Amino acid sequence: MTSPELVCPAGTPAALRTAVDAGADAVYCGFQNATNARNFPGLNFTVPELERSVAYAHAKGTKVLLAMNTYPPAGKQALWKDAIDTGIRLGVDAFIVADIGVAHYIATTYPDARLHLSVQAAASNPESIRYYCQEFGVKRVVLPRILTVPEIRNLAAEVPCEIETFIFGNHGLMVEGRCSLTNYITGLSTNLDGVCSPAAQVEYKRDNAGNLTTQLGEFTIDCFGCDETAGYPTICKGRYTTPAHDGGYYAFEEPISLNLSSLLPDLIGAGVHALKIEGRQRSRAYVKKVVSSFRKAVDDISSGRTAQLADLLALTEGQKETQGAFKSKTWR
Amino acid sequence: MTQHSATLAPPKFRPHLPVLPLFPLQPILKRIVRRIGAENPDMFNRLGPHTKARYLIDATNLPFTLLLQPDPENLSLTAHFRTSPPDHDARIAGKFLDLMRLLDSDIDGDALFFARDLIITGNTEAVVCLRNALDDVDGSIAQMVADMFGPLARAALARLRRVANKPVTKDTQ
Ligand code: SF4
């Protein structure tokens with residue numbers, strides 16, 4: 001069985017080195033600005049840091065993929081072009097893009113550069129994926145987390161590029177690249193500014209009984225009882241009151257993480273070329289544990305052994321995990 | 001944003017430490033924080049606009065709290081009695097061993113938060129910046145501190161690590 005590429009997150013240079021040392025085939029990362037969809041305070045890479053990190057990764061045979069996966073607003077394209085020019089100069093192995101203008105700039109200015117289509121482009125059918133391949137020479141598509149394994153198998157047979165799927169991490173299910181929930185509440189956009197639920201507008205309040213209220217701007221996202229596990233303050237994971245339900249109701253998705261450990265053989269068999277771990281905003285401890293667990297599992301499966309899968313539940317949001325749409329469209 | 005001082009909720013469990021005056025601790029803390037700053041000057045860049053923020057580090061099973069101000073011009077870490085916590089912009093609270101493992105990136109902060117073992121209040125952005133700054137420090141900060149104070153401190157750290165890696169039982173909480 002061919003071994004798929006393990007694509008791992010790196011939010012800081014130390015996390016990048018941790019991912020490389022834990023067995024990543026490729027790491028993905030971004031600059032400290034709106035050109036990538038994890039534009040969080042204190043996270044990401046300066047130009048000198050990325051330069052040193054590319055050297056570190058390449059010395060150990062690991063590729064570096066530069067996330068350039070946000071949509072430049074009118075008049076602000078220079079930031080993206082500058083980041084791309086820098087990425088080329090530093091020798092990154094591929095750019096992960098979502099916007100057609102960004103893809104066009106790379107394809108026409110640097111025709112030898114490798115392009116991966118970000119999940120943020122939400123390309124989920126053969127026609128759309130073929131369009132990106134034909135127009136911009138995209139070599140790989142990162143699929144949105146809305147397809148079953150049989151659907152991925154069919155898709156793989158119909159598109160002229162590699163397929164990458166998420167296997168672990170955040171499970172936010174709005175149409176990726178088009179979610180405006182954060183924008184609605186905070187005025188900042190996940191897709192244009194690169195940040196969902198900006199920390200500056202998040203507030204945690206704890207009462208004397210130990211209940212935890214999470215708030216984004218003026219809106220309460222959830223209230224966790226003292227014996228409940230907690231989740232991120234993202235609107236898609238909020239618990240709301242609606243006339244149709246008694247008590248609080250997770251209207252979109254509950255606090256939960258994707259974990260496809262047990263579907264790995266099926267995904268590899270379906271023709272998936274690369275397996276992606278989400279979590280650039282997570283710690284080195286997360287990177288080390290998740291990357292090394294999946295490294296071992298992928299190596300076992302590729303060598304025909306049954307994978308021994310580590311327990312990753314403690315690292316999942318709300319300490320709950322799901323196989324989401326990969327297993328069944330009716331997972332909720 | 002500033003939180004007003006308030007008496008912190010009493011911890012559920014405290015080791016049997018005698019109540020000691022805190023003044024002998026202050027120069028030691030100063031030495032520790034200055035050394036960490038000197039050895040990791042890049043760390044401050046990740047703090048962005050929050051180098052003047054006052055972080056209350058509250059190990060809930062210790063009789064005192066710490067106040068950190070990571071200003072590269074005037075780094076400060078001071079101890080305060082739990083009964084009179086100082087003004088602060090953000091509070092990070094959890095069990096001592098968990099906070100120590102967080103500092104060492106031996107445990108994931110989000111996972112602790114999901115499990116409700118980490119309490120964050122106040123300026124969330126300042127806390128996120130501090131987390132990212134510390135997470136980008138290679139190696140072990142706890143080990144560096146232990147090395148500063150010789151074999152006894154190293155032995156104490158090794159013992160703490162053994163306790164931290166044991167399955168959780170009542171007396172390690
Ligand atoms: S609200 Fe949820 S789905 Fe929308 S951008 Fe944020 S994490 Fe993604």
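Remember, it's a predicted structure, so these values are computed and weren't measured experimentally. Chain A is the first sequence line, chain B the second, and so forth, proteins listed ahead of strands; every chain is numbered from 1.
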**Prompt:** So what's closer than 4.5 Å to chain B heavy atoms on A/Ala314: side chain, backbone, both or neither?
**Reply:** backbone
**Per-residue contact mode, A/Asn208 against chain B (heavy atom under 4.5 angstrom)** = neither
**Message:** When you measure from the centre of the six-membered ring of A/Tyr28, is the NZ or CZ of A/Lys276 closer than 6.0 Å and no more than 45° off the axis?
**Reply:** yes
**Options A/Lys289, A/Glu49, A/Lys288, A/Lys205, ranked by heavy-atom pairs under 4.5 Å with chain B, top entry** = A/Glu49
**Request:** Using only heavy-atom distances, determine whether the side chains of A/Thr190 and A/Arg38 contain a donor-acceptor pair under 3.5 Å.
**Result:** no
**Request:** Working to the nearest 0.5 Å, report the span between CG of A/Asn259 and CD1 of A/Ile167.
**Result:** 8.5 Å
**Asked** Under a 4.5 Å heavy-atom cutoff, which of B/Asp42, B/Leu112, B/Ile120, B/Leu102 has the most pairs with chain A?
**Response** B/Ile120
**Request:** Indicate, with yes or no, if the rings of A/Tyr204 and B/Phe113 have centres closer together than 6.0 Å.
**Result:** yes
**Request:** Just jot down the side chain to side chain donor-acceptor pair (under 3.5 Å) partners of A/Thr35, sequence neighbours excluded, or say none.
**Result:** A/Asn33
**Prompt:** Which one of A/Thr18, A/Asn44, A/Leu16 has the most heavy-atom pairs closer than 4.5 Å to chain B?
**Reply:** A/Asn44
**Message:** For the interface with chain B, which of A/Gly210, A/Gly231, A/Ala199, A/Pro255 has the highest count of heavy-atom pairs at distances below 4.5 Å?
**Reply:** A/Ala199
**Item:** Side chain / backbone / both / neither for A/Leu212 at chain B, heavy atoms under 4.5 Å
**Value:** both
**Request:** Sequence neighbours left out, what passes ring pair (Phe, Tyr, Trp, His ring centres under 6.0 Å) with A/His171? Give chain and number order.
**Result:** A/Trp331
**Prompt:** Given that the side chain runs from C-beta out, which part of B/Val127 has a heavy atom under 4.5 Å from chain A: side chain, backbone, both or neither?
**Reply:** neither
**Item:** Contact class of A/Phe224 relative to chain B, heavy atoms under 4.5 angstrom
**Value:** both
**Message:** Are there over 12 heavy-atom neighbours, none belonging to B/Phe149, within less than 6.0 Å of that residue's CZ?
**Reply:** yes
**Asked** With a 4.5 angstrom heavy-atom cut-off, which part of B/Arg131 approaches chain A: side chain, backbone, both or neither?
**Response** side chain
